[in-house]
Amino acid sequence: MEKFIINGKRQLGGEISVHGSKNSVLPILASTLLIKGKSIIHNVPNLTDVDSSIKILEYLGAEVCRSGSSIYVDASDISDNTIPEEMMREMRSSIIFLGALLSRCKEAYICYPGGCEIGVRPIDLHLSSLRKLGAAINESGNCLSCKCTSLTGAKIILSFPSVGATENIIISAVLAKGKTTIINAAREPEISDLASFLNSCGARIFGAGEGTVEIEGVDALYSACHTVIPDRIVAATYMSAAAITSSELIIKNIRTLHLTPVMPVFSEMGCKMYISGNDLKISAPKRLKRVKNIKTMPYPGFPTDCQSIVMSALAKAKGTTVINESIFESRFKHVSELSRFGADITVNGDTAVISGVAELYGANVFCTDLRGGSALVLAALAAEGVSSIGDIYHIDRGYEKLENSLNQIGADITRQNVT
């Protein structure tokens with residue numbers, strides 16, 4: 001086990017670059033199972049969730065080679081269609097392998113996924129959609145047995161624009177017979193990135209990033225290269241780092257369009273932002289302003305993954321902010337840990353009321369989940385004194401050596417083993 005020791009109250013400055021998107025690369029890696037040949041994926045971050053995906057691919061029989069930020073996957077020979085429970089439980093997004101295995105092998109045996117405990121994330125939309133495509137799925141306790149003679153295109157209407165379900169349908173449908181239409185599909189940029197990769201392999205996916213996606217099944221997919229989009233949540237984390245420390249930063253390798261849901265919030269906090277190509281310059285005031293109300297919503301609304309990150313910054317803002325979490329019912333677990341820094345936050349159901357304080361103070365805290373963990377790091381950066389943050393394995397799931405990146409812009413963070 002490891003922890004961060006952070007000396008706070010330091011001014012940040014300079015340039016920091018955003019690595020590839022975790023939420024994009026994971027479904028792309030799963031979809032390489034559909035390709036009987038070598039896939040080359042660039043701009044892949046070094047994350048534990050990526051490591052977990054690689055382990056699953058290798059267990060199933062794929063050859064995987066990593067060189068720097070590039071991964072080479074050869075799934076020509078798949079020798080297994082079962083994913084052990086311990087591998088499934090390492091991350092929530094492991095369910096994305098279900099559609100790929102079913103399409104490739106016509107059967108799959110998996111268990112329910114694990115990952116951060118941020119609330120119920122049911123897979124019923126995944127299963128009902130796969131059944132519409134022709135899969136027979138038997139649920140026995142914690143395990144799923146899935147079989148099909150073949151998958152056939154269908155019209156699928158999602159009751160909620162689930163990112164994972166949309167990805168699973170797309171992956172399952174690209175080699176299915178006929179046409180599949182997804183109504184109320186998720187519109188997140190990561191959906192478009194997955195479609196871009198598969199289309200470069202010969203798939204026929206139309207409308208990715210819109211509410212309706214159409215997939216015309218093809219007979220086979222072929223080897224291709226793809227560069228993963230920048231991680232918009234990491235970019236927002238660096239924006240919050242500048243905001244909470246009253247600093248000026250240049251954040252490189254961003255996609256401006258992907259940040260439009262969060263930029264108005266930072267503007268309302270009093271931050272100035274300037275775009276130049278793929279770079280964002282953000283300059284924060286000495287004291288942030290409150291934001292009247294924030295409600296998490298599916299893209300293009302304010303991302304639930306940014307809720308805890310922005311909450312840290314608002315803990316030092318002048319005035320009171322109300323945040324409504326409409327996606328996950330257990331995504332305020334980090335609040336009790338933030339309070340140890342002196343933050344004044346009250347939670348009532350799906351609503352958090354943040355009354356900004358003038359100062360935060362060093363504290364000993366523990367990460368509750370991935371994004372909640374990054375929120376604690378942000379609070380520690382602005383806090384007076386020294387902070388200790390435990391259970392940072394949560395952070396390593398989505399940030400590539402976060403301490404190194406922040407130290408390059410003036411932070412003082414060390415990673416230590418816990419004895």
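In what follows, every heavy atom counts, from backbone to side chain, and hydrogens, waters and symmetry copies are set aside.
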Worksheet entry | Side chain to side chain, Tyr238 and Ile309, heavy atoms closer than 4.5 Å | no

Discussion item. Using a 3.5 Å distance criterion without hydrogens, assess whether the side chain of Ser246 forms a donor-acceptor pair with backbone atoms of Ala284.
Written reply: no

Practice prompt. Check the side chains of Ser405 and Glu400 for a donor-acceptor pair under 3.5 angstrom, ignoring hydrogens and angles.
Written response: no

Worksheet item: Can we say Lys289 and Glu268 salt-bridge, meaning some charged N sits less than 4.0 Å from an Asp/Glu carboxylate O?
Response: no

Worksheet item: Does Lys36 NZ have over 12 foreign heavy atoms under 6.0 Å away?
Response: no

Worksheet item: Are any of the side-chain nitrogens in Arg131 or Glu139 under 4.0 Å away from the carboxylate oxygens of its partner?
Response: yes

Item to complete: Could you give me the CA-CA distance, side-chain angles and deciding distance for Lys9 and Glu359, then say whether side-chain contact (heavy atoms from CB on, under 4.5 Å) is met?
Response: CA-CA 10 Å; Lys9 207 72 174 177; Glu359 293 292 342; 2.6 Å; yes

Worksheet entry | No-hydrogen, no-angle side-chain donor-acceptor test under 3.5 Å, Asp350 and Asn324 | yes

Discussion item. Run the side-chain contact (heavy atoms from CB on, under 4.5 Å) test on Thr166 and Leu194 for me, step by step, so that the C-alpha distance in whole Å, both residues' side-chain angles and the decisive distance to 0.1 Å come before the verdict.
Written reply: CA-CA 10 Å; Thr166 300; Leu194 172 63; over 6 Å; no

Worksheet item: Counting only heavy atoms not in Asn348, do more than 12 fall under 6.0 Å of its CG?
Response: no

Worksheet item: Of all heavy-atom pairs between Ala185 and Leu158, which one has the smallest distance, and what is that distance?
Response: CA-CD1, 4.3 Å

Worksheet item: Side chains of Leu402 and Ile413: does their closest heavy-atom pair fall under 4.5 Å?
Response: no

Discussion item. Tell me if a side-chain donor or acceptor on Asn43 pairs with a main-chain N or O of Val228 at a distance below 3.5 Å.
Written reply: yes

Worksheet item: Sub-3.5 Å donor-acceptor pair from the side chain of Thr321 to the main-chain atoms of Arg290, do we have one?
Response: no

Worksheet item: Less than 4.0 Å between a side-chain N and a carboxylate O, is that true for Asp279 and Lys252?
Response: yes

Discussion item. Can you see whether His226 engages Asp193 through a side-chain donor-acceptor pair at a distance of less than 3.5 angstrom?
Written reply: yes

Worksheet entry | Basic-acidic side-chain contact under 4.0 Å: Arg415, Glu403 | yes

Discussion item. Under 4.0 Å between a side-chain nitrogen and a carboxylate oxygen: does that hold for Arg397 and Asp369?
Written reply: no

Worksheet item: Below 4.0 angstrom, N of the basic side chain to O of the carboxylate: do Arg232 and Glu190 qualify?
Response: yes

Discussion item. Does atom CZ (Arg340) have a neighbourhood of more than 12 heavy atoms from anything else shown, all under 6.0 Å?
Written reply: no

Worksheet item: Should the pair Lys55-Glu58 be classified as a salt bridge under the 4.0 Å nitrogen-to-oxygen rule?
Response: no

